[in-house]
Undergrad: 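I have a structure here, written as structure tokens, and I will follow up with some questions on it.
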Protein chains: 2
Amino acid sequence: MSKNAQSSAKSCSNSKQVGCDDCSLNTICMPVSLHVDDIDRLDSIIQRSKPLQKGEFLFRANDPFTSVYAVRSGALKTQLVAENGDEQITGFYLPGEVLGMDGLANNTHTNSVQALETSSVCKIPFERLEELSVTLPTLQRHFLQLMSREITQEQQIVGLLNKKNAESRIASVLLSIAKRNSQRHLSESAFMLPMSRKDLGNFLGLTTETVSRVFSRLQKNGLIAVEQKQVTLLDTPALTLLVAG
Amino acid sequence: MSKNAQSSAKSCSNSKQVGCDDCSLNTICMPVSLHVDDIDRLDSIIQRSKPLQKGEFLFRANDPFTSVYAVRSGALKTQLVAENGDEQITGFYLPGEVLGMDGLANNTHTNSVQALETSSVCKIPFERLEELSVTLPTLQRHFLQLMSREITQEQQIVGLLNKKNAESRIASVLLSIAKRNSQRHLSESAFMLPMSRKDLGNFLGLTTETVSRVFSRLQKNGLIAVEQKQVTLLDTPALTLLVAG
DNA sequence: GCCATAGTTTGATCTAGATCAATATTCTCC
DNA sequence: GGAGAATATTGATCTAGATCAAACTATGGC
């Protein structure tokens with residue numbers, strides 16, 4: 001059994017055939033109070049396909065927009081590619097999180113989405129979702145909220161990049177992952193980073209070397225323990241203070 | 001007549017009582033094909049109030065979310081305020097542009113919005129808009145697109161901050177304003193910057209000094225002419241190249 | 001018109017993080 | 001299991017832009 005398959009099996013708490021109503025992630029991706037038969041209707045439009053292997057693309061920039069996607073297991077990164085070829089990672093997506101709304105503006109995706117490890121997603125065709133939304137106002141509102149949250153998150157990142165040094169930025173990402181893990185009832189103090197130092201640096205506007213140095217320094221100062229991709233937060237209050245500072 | 005009143009009268013091509021159907025900005029803020037009576041229905045929910053003076057707030061962070069707003073004249077800035085007090089400007093909004101969608105996520109605004117000069121806005125109560133959207137799917141879709149565009153714009157800014165130097169960032173903002181002016185059939189090579197050097201620096205993650213120096217350098221190299229807030233783009237291709245480089 | 005205040009410009013110096021470079025470690029695939 | 005390729009760490013040096021400092025200029029209030 002490969003390492004990827006292991007980690008996939010571990011992070012995917014649902015078997016392939018499970019529906020939304022049985023999915024342990026439904027409180028994250030669809031935290032709306034829907035009737036049982038409404039959930040069934042939602043469930044009926046959702047397509048589940050075979051998992052993406054590490055490095056595989058879910059879709060690419062300029063692909064036509066058809067659907068949004070909920071992550072079921074694994075982890076993915078979204079990225080923009082500039083004309084000159086250099087890439088900007090715009091986000092990391094963990095189980096329960098929804099991505100793909102970038103494609104709505106022009107019916108074409110601006111981001112490419114790539115699996116960081118073996119990952120599976122639920123594909124939600126947008127036209128079907130829109131039809132469903134007409135009779136389910138709370139579902140409609142939920143999607144507006146998801147998008148609004150995406151906007152405010154991006155704005156937070158802009159603030160992070162403009163106002164914070166390398167240590168704050170790294171601390172912020174670590175705490176963000178911790179928080180999202182705790183929402184999935186996983187450990188919020190010990191976890192596997194799904195992305196490389198390079199990806200993390202790209203996302204945060206830092207070089208690989210700086211990311212590595214900051215990890216070493218945080219470890220030396222007893223705020224975290226790092227062993228390859230395994231990270232343990234040893235002093236969350238200090239990390240929180242770092243982010244604020 | 002004050003300078004502000006002049007610039008307001010100039011940039012506001014609509015008198016106070018004009019409706020959406022007569023508003024010269026409707027191709028920007030509501031570029032959806034609506035029937036005449038649908039426009040009237042939209043028009044009927046929109047509230048127009050007295051202009052904001054420079055420095056006045058449209059709303060503040062933590063205010064309850066009730067409405068989104070279309071800029072009719074003037075210019076506004078949106079900003080986040082961190083716990084430690086420092087501010088991050090998240091956007092500048094010009095006539096025809098819609099703001100306030102940040103409040104949808106938690107029914108509370110995360111941004112504060114402040115007038116950079118005398119400005120008037122159309123207030124669009126969101127609940128009324130939602131009701132209207134049920135029977136006007138194109139209106140619904142339009143709002144999703146507005147929000148999607150906001151997400152991709154923020155992502156572009158993240159890329160700008162992470163990958164580009166001071167000159168590129170400034171050039172990028174100048175070209176952005178030029179483009180938005182041209183959409184309003186104003187000059188795209190000569191315009192008044194509505195924001196201070198400080199605001200521009202805050203937005204772009206630069207100090208006032210650096211903004212000032214870059215302006216001087218771009219002027220010395222013949223790419224722009226600057227006289228206080230009046231900017232003239234003298235070599236748009238070179239500026240475009242700067243942004244790409 | 002005059003003053004106070006805020007905003008802008010320009011110069012000198014400093015520094016966080018980039019860049020360059022070398023080594024070490026971990027994956028990958030035969 | 002081993003060769004080669006990624007990926008990560010650590011060190012030395014360099015630099016874009018910050019910071020500190022000092023004029024200079026526009027602007028709003030009286």
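In what follows, every chain begins at residue 1, and chains take the letters A, B, ... in the order their sequences are listed. Keep in mind that this is a model prediction, so the values were computed, not measured. Worth knowing before you read on, the calculation uses all heavy atoms, side chains too, and leaves out hydrogens, waters and symmetry mates.
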Undergrad: Please list residues of residues 170-178 of chain B whose heavy atoms come under 4.0 Å from any atom in DNA chain C, ordered by number; otherwise none.
TA: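 Here the set is empty: none.
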Undergrad: Hey, is NZ on A/K198 packed in by over 12 heavy atoms from elsewhere, all under 6.0 Å?
TA: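 Open: at most 12 neighbouring heavy atoms sit under 6.0 Å from NZ of A/K198.
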Undergrad: Can you measure A/F215 atom CZ to D/dA8 atom P for me and round it to whole angstrom units?
TA: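 It works out to 10 Å between those atoms.
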Undergrad: List in chain and number order the residues that pass salt bridge (Lys or Arg N to Asp or Glu O under 4.0 Å) with A/E167, two or more places apart in sequence or in another chain; answer none if no residue qualifies.
TA: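 Result, salt bridge (Lys or Arg N to Asp or Glu O under 4.0 Å) vs A/E167: A/R217.
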Undergrad: Can you name the side-chain contact (heavy atoms from CB on, under 4.5 Å) partners of A/A105, sequence neighbours left out?
TA: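 Result, side-chain contact (heavy atoms from CB on, under 4.5 Å) vs A/A105: B/S148, B/R149.
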Undergrad: How many Å lie between CD on A/Q230 and P on C/dC27, as a whole number?
TA: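 Taking CD of A/Q230 and P of C/dC27, I get 13 Å after rounding.
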Undergrad: Who pairs with A/T110 by side-chain contact (heavy atoms from CB on, under 4.5 Å), at least two apart in sequence or on another chain?
TA: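 By the side-chain contact (heavy atoms from CB on, under 4.5 Å) rule, A/T110 matches A/L80, A/D102, B/T152, B/Q155.
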Undergrad: How many Å lie between CG on A/N202 and P on D/dT7, as a whole number?
TA: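 Result: 13 Å.
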Undergrad: In whole angstrom, give the distance that lies between atom CD of A/E227 and atom P of C/dT25.
TA: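 To the nearest whole Å, that distance equals 13 Å.
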Undergrad: In chain order, what residues pass the side-chain hydrogen bond (donor to acceptor under 3.5 Å, both in side chains) check against B/R180, with sequence neighbours excluded?
TA: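 Expected list: B/E97, B/S176.
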Undergrad: Give every residue pair that meets the ring-ring contact (aromatic ring centres under 6.0 Å, His included) criterion with at least one member in residues 225-245 of chain B, sequence neighbours excluded.
TA: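 Passing the test, one end in residues 225-245 of chain B: no pairs.
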Undergrad: Please, which pairs that meet ring-ring contact (aromatic ring centres under 6.0 Å, His included) have at least one residue in residues 157-201 of chain A, sequence neighbours excluded?
TA: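 Every candidate ring-ring contact (aromatic ring centres under 6.0 Å, His included) pair involving residues 157-201 of chain A fails, so no pair, neighbours aside, qualifies.
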Undergrad: Please list all pairs meeting side-chain hydrogen bond (donor to acceptor under 3.5 Å, both in side chains) that have one or both residues in residues 231-240 of chain B, counting only residues at least two apart or in different chains.
TA: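 Counting only pairs at least two positions apart or across chains, no side-chain hydrogen bond (donor to acceptor under 3.5 Å, both in side chains) contact touches residues 231-240 of chain B.
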Undergrad: Determine to 10° how strongly the helix from C/dG1-D/dC30 to C/dC30-D/dG1 is bent, judged from the axes of its five-pair ends.
TA: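 Helix axis angle between the two ends: 60°.
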Undergrad: Taking only residues at least two apart or on different chains, which pairs with a member in residues 221-245 of chain A satisfy ring-ring contact (aromatic ring centres under 6.0 Å, His included)?
TA: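 Non-adjacent pairs meeting ring-ring contact (aromatic ring centres under 6.0 Å, His included): zero.
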Undergrad: May I have all residue pairs that pass ring-ring contact (aromatic ring centres under 6.0 Å, His included) and include part of residues 58-103 of chain B, sequence neighbours excluded?
TA: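 For residues 58-103 of chain B: B/F59-B/Y69, B/F59-B/H109, B/F65-B/H109, B/F65-B/F126, B/F92-B/F203.
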Undergrad: To the nearest Å, how far apart are B/K54 NZ and C/dG7 C1'?
TA: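 The distance from NZ of B/K54 to C1' of C/dG7 comes to 10 Å, rounded to the nearest Å.
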Undergrad: What is the distance from atom NZ of B/K54 to atom OG1 of B/T118, rounded to the nearest 0.5 Å?
TA: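 The NZ atom of B/K54 sits 9.0 Å away from the OG1 atom of B/T118.
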Undergrad: Report yes if at least one side-chain N or O of B/Q228 is closer than 4.0 Å to OP1 or OP2 of D/dA26; otherwise report no.
TA: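 For D/dA26, OP1/OP2 do have a side-chain N/O of B/Q228 under 4.0 Å.
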Undergrad: Figure out the NZ/P separation between B/K229 and D/dT25, and round it to whole Å.
TA: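 After rounding, the gap between these two atoms is 18 Å.
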Undergrad: Between D/dT27 atom P and B/E117 atom CD, what is the distance in whole Å?
TA: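 Whole-Å distance recorded here is 13 Å.
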Undergrad: Summarise protein proximity over nucleotides 10-20 of chain C in one line of letters, 5' to 3': B for base, S for sugar-phosphate only, - for none, counting protein heavy atoms closer than 4.0 Å.
TA: BBB----SSBB
Undergrad: Tell me the interatomic distance from A/R197, atom CZ, to C/dA24, atom C1', rounded to whole angstroms.
TA: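 Rounded to the whole Å, the gap is 14 Å.
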